[in-house]
Amino acid sequence: MVVYAAQGDPRRSMALLWRTESPDVERPGPKPGLSVDLIVDAAIEIADAEGMTGLSMRAVGDRLGRTAMALYTYVPSKSELLDLMYDKTLAELPASHGGDDWRLDTVRWANDLWDFYLRHPWVLQVSQARPVLGPHEYAVLESVATILRRTGLPPVVLRRLVSALYSCVREPARTAAESRLAEKATGQTDDEWWFARSALLQEVSPDFAERFPTLTWMESEHAFRMEDETVSYLEQEAREAFEVSLAVLLDGIEVTMKAE
C-alpha cells in the first residue's frame with residue numbers, strides 16, 4: 001500500500017509544518033484540551049500500532065475522546081495530518097553527526113535511519129515521489145549532505161550519493177519491516193511458510209540443481225544460512241543486504257575520491 005503525502009491544501013499544510021502561523025486556534029471560553037501536536041502524536045501512535053490501514057480522522061478522534069469533526073479545526077484533513085506525522089517522526093533522527101571520519105558518520109546516519117524505519121514501518125509506505133518539504137525532512141537531508149560534503153566530491157555527485165544512500169537503507173528496511181508483519185497478516189510463521197513450500201521443490205522440480213546451478217552451488221556453500229534462528233530469515237537477509245551494500249557503496253565513494 002503506497003500512500004502519497006503532500007496532497008492537502010499546500011498553503012495550510014506548509015504553514016502547519018513550518019509553524020508560520022499559530023497551529024492552534026484561540027477561542028473564547030475554557031481551553032478545549034486539543035492541539036495540533038496532540039492530534040499528530042495520537043495519529044503516530046495509531047500508525048505505529050496498526051499501520052496506515054488503521055489511520056483515520058475518526059480513529060484519532062476516538063483515541064483522544066473527541067469526534068472526528070473536532071479535529072478539523074486544528075488539522076484540515078487526513079492529507080495534512082499525514083504530512084505532519086511524517087515530518088514529526090523524522091525529528092527523532094539526530095540533526096548532525098559531527099565526527100572527523102565521514103565514513104564512520106555515514107554508517108551512523110544509515111544505522112539511525114534503519115532503526116527509525118523499523119520503529120515506524122508505516123513511514124516506508126509514504127512514497128518518495130511527493131516529498132513533504134517539512135523542516136525535519138530537510139534536517140535529515142542536511143545531515144547526510146554535510147557528512148558527504150567532507151569527501152570533497154562535486155555537489156552533483158553528492159546529490160546522487162544521497163539518493164543512493166536512502167535507497168541502500170530504505171529498501172532492505174522495507175523487507176525487514178514486512179517480514180515482522182508477515183506472521184500477523186498471514187497467520188503463518190516464517191518456519192511454517194518456508195517448510196511447507198521449500199519441501200515441495202524437489203517434487204515439482206526434480207532437476208532443480210541442473211536448472212539453477214549457481215543457486216545450488218551457493219546453497220552448498222551455506223550462502224543462505226543465517227546465524228540467529230530467533231530472528232526471521234528475511235529480516236536477517238535484509239539486514240545483511242543493507243550492511244553489505246552500504247559497505248560496497250562507501251568503498252565506491254572512496255575510489256571516486258581518489259580519482260578526483
Side-chain angles (χ1 to χ4, degrees), residues 2-26 34-48 52 55 57 60 63-64 71-99 102 105-150 155-156 158-170 173-174 177:
V2 176
V3 179
Y4 291 96
Q7 298 302 297
D9 176 75
R11 184 169 296 278
R12 187 68 194 279
S13 183
M14 294 294 281
L16 286 168
L17 282 165
W18 289 88
R19 297 298 199 258
T20 58
E21 61 182 41
S22 175
D24 304 320
V25 178
E26 294 292 335
L34 277 182
S35 69
V36 170
D37 286 330
L38 281 174
I39 292 168
V40 173
D41 288 344
I44 291 171
E45 289 173 3
I46 291 170
D48 285 347
M52 293 300 289
L55 181 67
M57 296 297 277
V60 176
R63 180 166 288 245
L64 293 170
L71 308 184
Y72 292 119
T73 299
Y74 302 87
V75 181
S77 73
K78 184 179 174 181
S79 293
E80 288 86 359
L81 178 60
L82 178 61
D83 295 352
L84 292 166
M85 292 167 59
Y86 183 83
D87 199 63
K88 184 164 187 177
T89 56
L90 287 171
E92 296 176 12
L93 292 167
S96 64
H97 296 78
W102 72 266
D105 284 346
T106 303
V107 171
R108 287 171 176 162
W109 179 90
N111 277 292
D112 287 339
L113 189 61
W114 171 275
D115 292 340
F116 167 79
Y117 282 143
L118 293 188
R119 284 197 305 273
H120 306 290
W122 58 271
V123 170
L124 292 162
Q125 295 176 253
V126 179
S127 172
Q128 301 299 285
R130 294 290 188 271
V132 170
L133 305 182
H136 300 301
E137 185 175 51
Y138 275 111
V140 178
L141 282 170
E142 176 73 11
S143 176
V144 68
T146 299
I147 294 168
L148 292 176
R149 186 176 183 179
R150 287 185 245 144
V156 67
L158 295 189
R159 174 175 61 80
R160 291 164 182 161
L161 289 176
V162 167
S163 296
L165 276 169
Y166 267 103
S167 296
C168 179
V169 183
R170 186 179 176 89
R174 188 196 309 277

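All residue numbers in this chain count up from 1 along the given sequence. The analysis underlying the following values was restricted to heavy atoms, covering all of them including side chains, and did not include hydrogens, waters or symmetry mates.
Annotation for V132 and Y86: closest pair CG2-CD2, 3.5 Å, computed over non-hydrogen atoms. Taking each heavy atom of S127 and V2 in turn, the nearest pair found is CB-CG1, 3.6 Å. Contact detail for R12 and Y74: the closest heavy-atom pair is NH2-O, 3.6 Å. Across M52 and K78, no two heavy atoms sit closer than the pair O-NZ, 4.5 Å.
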### Task
In sequence, state the C-alpha distance, the side-chain angles, and the governing distance for D48 and R119, and then conclude on side chain to side chain contact (heavy atoms under 4.5 Å, CB included).
CA-CA 7 Å; D48 285 347; R119 284 197 305 273; over 6 Å; no

(Q) The test is side chain to side chain contact (heavy atoms under 4.5 Å, CB included); show your working for W122 and T89 and say whether it passes. (A) CA-CA 11 Å; W122 58 271; T89 56; 3.6 Å; yes

### Task
Go through the steps to decide whether L148 and L165 satisfy the test side chain to side chain contact (heavy atoms under 4.5 Å, CB included), and finish with yes or no.
CA-CA 11 Å; L148 292 176; L165 276 169; 3.7 Å; yes

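Under the 4.5 Å side-chain criterion, counting only non-hydrogen atoms from C-beta, N111 is not in contact with V169. Contact annotation: the side chain of L17 approaches that of M14 to within less than 4.5 Å [non-hydrogen atoms, C-beta and beyond]. Within the 4.5 Å cutoff, side-chain heavy atoms of Y166 are placed close to those of V140. Side-chain atoms of L84 and I39, non-hydrogen and from C-beta on, never get closer than 4.5 Å to each other. Between V126 and M85, every side-chain heavy-atom pair lies at or beyond the 4.5 Å cut-off. Residues W109 and L93 form no side-chain contact, since every pair of their non-hydrogen atoms from C-beta on lies 4.5 Å or further apart. When side chains are defined from C-beta on, P94 counts as touching D112, because their heavy atoms get closer than 4.5 Å. The side-chain heavy atoms of P135 and D87, taken from C-beta on, include a pair separated by under 4.5 Å.
With R174 contributing its side chain and L124 its backbone, the two residues share a donor-acceptor pair below 3.5 Å. Judged by distance alone, with hydrogens and angles left aside, the side-chain atoms of Q7 form no donor-acceptor pair with the main-chain N or O of S79 at under 3.5 Å. Side chain of E137 to main chain of P131: no donor-acceptor pair is present (N/O by atom type, distance under 3.5 Å, no hydrogens or angles). The main-chain N or O of S13 is never found under 3.5 Å from a side-chain atom of D83 such that the two would form a donor-acceptor pair. Within the 3.5 Å criterion, the main-chain N or O of Y138 finds no donor-acceptor partner in the side chain of E142. A donor-acceptor pair under 3.5 Å is absent between the side-chain atoms of T20 and the main chain of L16, judged by distance alone.
Heavy atoms from other residues, nucleotides or ligands lying under 6.0 Å from CZ of F116 number more than 12. Atom OH of Y4 is surrounded by 12 or fewer heavy atoms from other residues, nucleotides or ligands within 6.0 Å. Residue-environment remark: CZ (R130) stays at or below the threshold of 12 foreign heavy atoms within 6.0 Å. Atom CZ of R149 sits in a sparse spot, with 12 or fewer heavy atoms from other residues, nucleotides or ligands closer than 6.0 Å.
One distance of note links CG of L64 with CG of D41; it measures 9.5 Å at 0.5 Å rounding. How far CG of L81 is from CG of L71: 8.0 Å, rounded to the nearest 0.5 Å. Note that the NE2 atom of H120 and the NZ atom of K88 stand 11.0 Å from one another [nearest 0.5 Å]. Atom-to-atom distance recorded for L161:CG and C168:SG is 11.5 Å, nearest 0.5 angstrom. The CG atom of L90 sits 11.5 Å away from atom OG of S143, with the distance rounded to the nearest 0.5 Å. Residue T73 holds its OG1 atom at 9.0 Å from CG of L34, rounded to the nearest 0.5 Å.
A search for salt bridge (charged side-chain N to carboxylate O under 4.0 Å, His left out) contacts involving R159 returns nothing, not counting sequence neighbours.
No donor-acceptor contact under 3.5 angstrom links the side chains of E92 and H136, judged on distance only.
Between R63 and E45 there is a salt bridge, since a side-chain N of the basic residue sits under 4.0 Å from a carboxylate O of the acidic one.
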